[in-house]
There are 2 protein chains.
Amino acid sequence: MRSGIEKQVIQYLYTDRELSCSALSERIEKSVPMVMHALNQLMKRGWVCSTGYAPSTGGRKPLLYSLVPEAQYIVAVAMDQLFTRIQVLDWLHRPITQLETLALPLHDNEQATDILVQAIHKHLHASSVNVSKILGVGIGMPGFVHIQKGVNYTFLPTPNGESLRAYLQKQLQLPVLIDNDSSLIALAELRFGMAKNRKHVMVINIGWGTGLGMIVNGTLFRGHTGYAGEFSHIPISENKILCECGKRGCLETETSLLLLAEKAKEEIRQGKVSQLSTLFKANMHAVDAVLEAANNGDEYAIELLSDVGYKLGKGIAILIHIMNPELIVLSGRGAKAGKILLAPVQHALNKYCIPRLLENTEIAVSKLGFEASLIGAANLVMENLFEWN
Amino acid sequence: MRSGIEKQVIQYLYTDRELSCSALSERIEKSVPMVMHALNQLMKRGWVCSTGYAPSTGGRKPLLYSLVPEAQYIVAVAMDQLFTRIQVLDWLHRPITQLETLALPLHDNEQATDILVQAIHKHLHASSVNVSKILGVGIGMPGFVHIQKGVNYTFLPTPNGESLRAYLQKQLQLPVLIDNDSSLIALAELRFGMAKNRKHVMVINIGWGTGLGMIVNGTLFRGHTGYAGEFSHIPISENKILCECGKRGCLETETSLLLLAEKAKEEIRQGKVSQLSTLFKANMHAVDAVLEAANNGDEYAIELLSDVGYKLGKGIAILIHIMNPELIVLSGRGAKAGKILLAPVQHALNKYCIPRLLENTEIAVSKLGFEASLIGAANLVMENLFEWN
DNA sequence: TAAACTTAATAAAATATTTTAAAAACAAGA
DNA sequence: TCTTGTTTTTAAAATATTTTATTAAGTTTA
């Protein structure tokens, strides 16, 4: 990739699908002749093609360009503490292989890394994807991920302390990029979701725990050592419950869906009346059961989620005071029940936020939903295009 | 100012005092010939001069350049809720006039703006400063300041709703820049203090209240509508004390030095033994009395400040979790007693922070101290050089 | 103490990039 | 329908910027 312009053209076409030469020129802030040159180079390589004319806006019709979707593929991997999803996507996020979900608990799991490698290997072999067309593998994972070093300090250990990224790269014989799951969800929202073209957005990853991906000045914010957004462990609660992190009073102890599901199970056992009693027996994770029951209007499930929403809202109030974002996006697994969470979150914000700050902050539920993690993983590969060795 | 390079040369020489052409070239990321040209232009104008050779680092000695300190002056104004300081500074921050401090309470004060105007007018007249050499007036002030609009929504009202900046500009017949006081303190730390050359720094403005200026990605962070860093009103306390902002449980209710002084006065009245009983009678603000007593080793004052420090530390723990900064600077009026605050802050951080985050976060007391506000105000003018109309 | 290696400053050449000009394609109003 | 004003595209010219080469000045090593 000679010119930086070519790279930018690819990235803009990836996020915006179809753009004219002059539109690209404005975005990249380079002259039309230079962008035209880059487009011609990319067309020669077969990565870009023109896709007809856009309607005139008062003058000559602009010729539109877009990526050739099937020119290159990306392996997107979205991991959480319990499940891992794998899928090959093209440049339009269209699935090339069927989504594969495997149960892969990461906690204290020495074999996790090798299971992951085997799963990706098998996925690629089972589907007859042309491996030479694969640009790279993007993996979103929980834990303290150091992206420069390519290390995950929390999960997915490697033999003899090699960096996870290097190990995966060696095993898979493909370029591999890893990042924190919440960061990738935020990235997905920034490029393709509700945070698109926004500057300051907080994306809440409502999953087994509570994650945060921060968009600051239009880019993903990582902080000094890459661990910014440790939202779930801010000391805020007086409940004294011991958190996984070893401290007490973490926000996570009040908003974790995993803990909520435990509580629900216990109360159902003690005779609470709810749809959940049957759903819990179905082949479905307890958390998903609660989310589904709430969406079906089950009073008890709604009550449980509302409580989480209110506590979350108090945490978000802190976030708004410090960051003054224009938008808060509720995303991740819990976005399925986003509508139900929205009201109590808003309620808490009204109570805990200075009106001048709140009035300019929008609260929304992700439209990408649970797909955000996969899209973010794919996007990670695209954003780091040709920067690996 | 024709070229953007000239502006950057001025700004780098302003913050770094003396630099060689090649050092400037590296910083500005422009070739040596271009920077040389800009330097020559600026020397023709009499704003820049060469100041001898630097020691060799293995080859030819570099010729150093710096600003001509007395070429232009800046009026720096640092306001807080009770006092306003005014001083004319040169390009080396050397005082051209004597520091003037006037009591100017801003709360519910309709005349505040005109008093400010008159004070600046008088200050400039009394000292015989050549007004044509004044580049502009930089003012740091508390309240919700919207810098684009040049408006302060909290204090300093203007007749018939004109923007504060426009009004001041008209009245003073000089370019005026306004900004939030805590932001300017952070800016001062970034350019001349402990945050220099750092990327992610949180500067705590310990004053009558508790302010926060945020350095993110090496620049001052303002958020969506410019009010980022409303640290003091995060809902964190269970004390239920009604805050000025109208909410209960704000951090400010636990860390405000003004409230602390009130408490001290009350307890002294009830017979508490302390140096404070005599200091309170001196011609000194009660808050300064507490700070001084603490520095003198007064047990009661230290106890009061330690309590504030611990509460503040809990708030800072939240900040660290969200922002993952490399450095926290305790600055502002309270920095005088910074050493006393440091221990309880550190104590709270050890208790409330995830070790992995804390181990990469330095906590320090500002060396600029109370001067930061004036330096920040002057710097505000320099950073917006030639951008006004 | 001279040769070899550094770094800095300047001038000349080469390259990169933008600006301008012109042509093509289209819309809207007279 | 023709004219005028837009916008896009391409080519040519002008400008901006960097690269290279050269000279100058200094340090280090043999």
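Convention: sequence-line order gives letters A, B, ...; per-chain numbering from 1.
Straight-line distance from the CG atom of A:Leu63 to the C1' atom of C:dA24: 13 Å, rounded to whole Å. Note: NZ (A:Lys61) to P (C:dA23) measures 23 Å, nearest angstrom. For the pair B:Ile28 CD1 and D:dT18 C1', the computed distance is 15 Å after rounding to whole Å. Summarising the geometry, the separation between CE on B:Met34 and P on D:dT17 is reported as 4 Å, rounded to the nearest angstrom. If you take CD1 of A:Ile5 and P of C:dT17, they are 6 Å apart, rounded to a whole angstrom. With rounding to whole Å, B:Tyr53 atom OH is found 12 Å from D:dG26 atom C1'. Going from atom CG of A:Leu39 over to atom P of D:dT10 covers 10 Å, rounded to whole Å. Going from atom CD of B:Glu26 over to atom P of D:dT18 covers 14 Å, rounded to whole Å.
Heavy atoms of B:Ser31 sit under 4.0 angstrom from at least one base atom. Looking at heavy-atom distances under 4.0 Å, B:Ser56 makes contact with sugar-phosphate atoms alone, never a base.
A heavy-atom distance below 4.5 Å is found between the side chains of B:Met382 and B:Ile74.
At most 12 heavy atoms of other shown residues, nucleotides or ligands fall within 6.0 angstrom of atom CD in A:Glu29. Atom CD of A:Glu18 sits in a crowded spot, with more than 12 heavy atoms from other residues, nucleotides or ligands closer than 6.0 Å.
Each of B:Gly59 and B:Leu64 lies near DNA chain C, and the nucleotide nearest B:Gly59 is the one positioned closer to the 5' end. The 5' end of DNA chain D is approached more closely, in terms of each residue's nearest nucleotide, by A:Gly58 than by the other of A:Met36 and A:Gly58.
Ranking C:dT17, D:dT17, C:dA11 by closeness to the B:Lys30 side chain, first place goes to D:dT17.
In summary, B:Asp90 and B:Lys133 do not engage in a salt bridge, as defined by a charged side-chain N under 4.0 Å from a carboxylate O.
For B:Arg60 against C:dA8, a side-chain N or O and a base N or O form a donor-acceptor pair under 3.5 Å.
The backbone N or O of B:Val176 lies less than 3.5 Å from a partner atom in the side chain of B:Arg165, making a donor-acceptor pair.
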